[in-house]
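Counting starts at 1 for both ligands and their atoms, in listed order.
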Amino acid sequence: MAVYDTDLAGIDALRAHAVYSQIALHAEYGGVVPELASRDHVRKLLPLIRQTLDEAGMAINDIDGVAYTAGPGLVGALLVGAGVARSLAWALEIPAVGVHHMEGHLLAPLMEDDPPQAPFVALLVSGGHTQLVAVDAIGQYRLLGETLDDAAGEAFDKTAKMMGLPYPGGPQLAALAEQGRPGAYRFSRPMTDRPGLDFSFSGLKTQVLLAWRDSDQSDQTRADIARGFEDAVVETLAIKCGRALEAAGTNVIVVAGGVGANKRLRARLQEMAARLGGRACFPRPALCTDNGAMIAFAGALRLQAGQRSPPTVDVTPRWDMATLPAVADLPH
Ligand code: KG4
Ligand code: ZN
């Protein structure tokens with residue numbers, strides 16, 4: 001949940017920002033249980049709105065527009081958010097717009113100082129997505145490549161679970177990898193030996209499973225395997241990012257989504273972009289993982305461009321980002 005002030009610029013425009021994490025809830029079950037997730041949304045949404053407004057020092061009537069996640073994602077959770085957002089807009093007689101979750105991630109780096117200008121390439125790496133997207137303009141996206149099976153974050157989470165780490169394993173596996181010896185385990189860089197910008201991470205998970213099963217399963221081995229796995233994922237993502245930049249004819253890469261918080265990925269892509277005379281842009285880690293600020297920001301851009309969603313509680317659980325209207329093309 002966030003309050004974004006379009007009269008201000010950059011991160012200062014974020015008047016308030018609160019995240020309620022369902023990690024503790026999901027950890028109990030080792031993953032997301034959709035029905036529990038939506039019921040928890042029902043419980044937490046209104047208190048979180050009050051808390052965020054308090055933090056911004058604002059009353060509900062001070063809000064000029066509402067942005068909510070309309071998809072893609074779990075239909076139950078999306079409907080809770082859309083229902084509350086539409087009701088708020090209706091009661092306050094203000095416009096509302098449904099935001100594409102991945103566009104929220106993609107635009108998050110633009111909230112930071114000195115934001116990149118389109119055209120650039122975006123690497124979207126979350127628990128549900130791994131995509132390379134050519135951003136010709138804000139709102140105008142071309143899919144260059146995506147995963148054919150597991151998402152990068154999902155691969156982190158499943159691999160971590162296999163080695164006995166609690167949910168969500170990604171950040172824990174990355175922390176463990178810091179104690180691992182580079183090169184002690186070497187896993188393949190899937191699909192880098194052939195042209196194309198698609199990914200596949202499910203085979204890597206199997207390689208790790210076999211290595212772990214046949215090992216002494218000591219703490220050092222677990223860390224060594226974690227390091228080998230992280231290096232394989234980071235290197236694979238970096239190789240494909242390099243190719244995507246070449247294909248799109250730009251040297252600016254923007255990284256977003258939960259895995260964008262990974263330190264080694266950040267360092268590796270920064271080094272690559274510097275070598276190309278360009279730059280790699282990341283949001284701060286708190287804006288990489290799911291957050292309300294990115295939805296408020298993307299929604300504010302679209303509302304300012306005159307876009308509104310119809311006053312019905314509609315969500316789009318499966319939604320292709322390439323079908324979004326370009327922000328510049330929207331009626332003013
Ligand atoms: O974008 P996000 O918060 O939620 C989705 O929309 O999926 O991404 C969550 C994913 C999880 O799979 C989590 O394990 C991963 O991002 N993640 C990380 C790190 N922090 C979060 N993976 C690797 N290294 C990290 N530091
Ligand atoms: Zn996300």
Side-chain angles (χ1 to χ4, degrees), residues 2 17 19-27 30-32 34 37 41 68-74 77-78 81 99-109 122-131 133 146-147 149-163 165-180 199 201-202 204-205 208 223 225-238 254-269 282-298 317-319 321:
H17 183 206
V19 173
Y20 163 71
S21 166
Q22 293 191 337
I23 284 178
L25 171 72
H26 301 325
V32 179
H41 275 66
Y68 57 95
T69 306
L74 294 173
L78 291 171
V99 172
H100 191 292
H101 180 78
M102 296 314 290
E103 181 178 52
H105 275 303
L106 191 154
L107 297 179
L123 171 69
L124 301 176
V125 270
S126 69
H129 289 80
T130 301
Q131 297 182 327
V133 177
E146 65 184 331
T147 184
D149 40 59
D150 291 353
E154 190 181 0
F156 263 95
D157 295 339
K158 287 180 175 171
T159 302
K161 191 173 182 178
M162 249 159 35
M163 293 200 293
L165 300 175
Y167 173 91
Q172 309 226 20
L173 193 86
L176 194 62
E178 292 308 299
Q179 270 104 56
F199 303 92
F201 289 112
S202 73
L204 200 51
K205 185 183 61 197
V208 172
I225 292 179
R227 180 61 194 264
F229 169 81
E230 185 181 51
D231 282 346
V233 174
V234 167
E235 197 50 34
T236 303
L237 292 172
V254 163
V255 185
V259 184
N262 186 276
K263 274 193 228 139
R264 234 166 254 290
L265 179 66
R266 294 168 88 97
R268 180 70 182 79
L269 291 179
F282 300 84
R284 61 197 61 195
L287 298 180
C288 272
T289 42
D290 283 351
N291 64 84
M294 70 187 197
I295 302 302
F297 177 66
R318 295 179 67 88
W319 191 0
M321 232 179 25

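Within the 4.5 Å cutoff, no side-chain heavy atoms of L287 are placed close to those of F282. The shortest side-chain heavy-atom distance between R264 and D231 falls under the 4.5 Å cut-off.
Note on R227 versus E178: no salt bridge recorded, every NZ/NE/NH1/NH2 to OD/OE distance being 4.0 Å or above.
For ligand 1, the atoms closer than 4.0 angstrom to any heavy atom of A174 are 24 (N). Under a 4.0 Å criterion applied to the non-hydrogen atoms of G153, ligand 1 contributes the atoms 12 (O). Near H105, with a cut-off below 4.0 Å to any heavy atom, the atoms of ligand 1 are 1 (O), 6 (O). The ligand atoms of ligand 1 that sit less than 4.0 angstrom from a heavy atom of H101 are 6 (O). Close approach to T289 involves these atoms of ligand 1, each under 4.0 Å from a residue heavy atom: 3 (O).
Contacts of H129 with ligand 1, taken as heavy-atom pairs under 4.0 Å, are absent altogether.
Classification of the W319-H100 ring pair by plane angle, with boundaries at 30° and 60°, yields tilted. Below 30°, between 30° and 60°, or above 60°: for F201 and F199 the angle between ring planes is below 30°, a parallel geometry.
Looking at R268, its side chain never comes within 3.5 Å of a backbone N or O of A238 through a donor-acceptor pair. No donor-acceptor pair closer than 3.5 Å links the side chain of H129 to the backbone N or O of Q131. With hydrogens and angles disregarded, a donor-acceptor distance shorter than 3.5 Å links the side chain of Q22 to the backbone of A37.
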Item checked: Steps toward side chain to side chain contact (heavy atoms under 4.5 Å, CB included) verdict (F229, F156) -> CA-CA 8 Å; F229 169 81; F156 263 95; 3.7 Å; yes
Note to self: Test side chain to side chain contact (heavy atoms under 4.5 Å, CB included) on M294 and L106; report intermediate values, then the result.
What the structure shows: CA-CA 9 Å; M294 70 187 197; L106 191 154; over 6 Å; no
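Not a single heavy atom of K263 sits under 4.0 Å from any atom of ligand 1. The closest approach between E230 and ligand 1 stays at or above 4.0 Å for every heavy atom of the residue.
When the N, O or S atoms of D290 are ranked by distance to the Zn ion (ligand 2), OD1 comes first.
Among L265, V32, N262, the residue whose heavy atom sits closest to atom 23 (C) of ligand 1 is N262. Of the listed options L124, V19, D157, D157 places a heavy atom closest to atom 14 (O) of ligand 1. Here atom 21 (C) of ligand 1 lies nearest to G258 when heavy atoms of G260, A261, G258, P72 are compared.
For ligand 1, the polar-atom distance check finds no N/O of P171 at less than 3.5 Å from any of the ligand's N/O atoms. By the 3.5 Å distance cut-off applied to N or O atoms, G127 is counted among the residues near ligand 1. At under 3.5 Å, a nitrogen or oxygen of G170, whether backbone or side chain, sits near a nitrogen or oxygen of ligand 1.
Within the coordination shell of the Zn ion (ligand 2), defined by N, O or S atoms under 2.8 Å, H129 is absent.
When hydrogens are left out, the protein atom nearest atom 3 (O) of ligand 1 is D290 N, 2.8 Å; that is the closest non-hydrogen contact.
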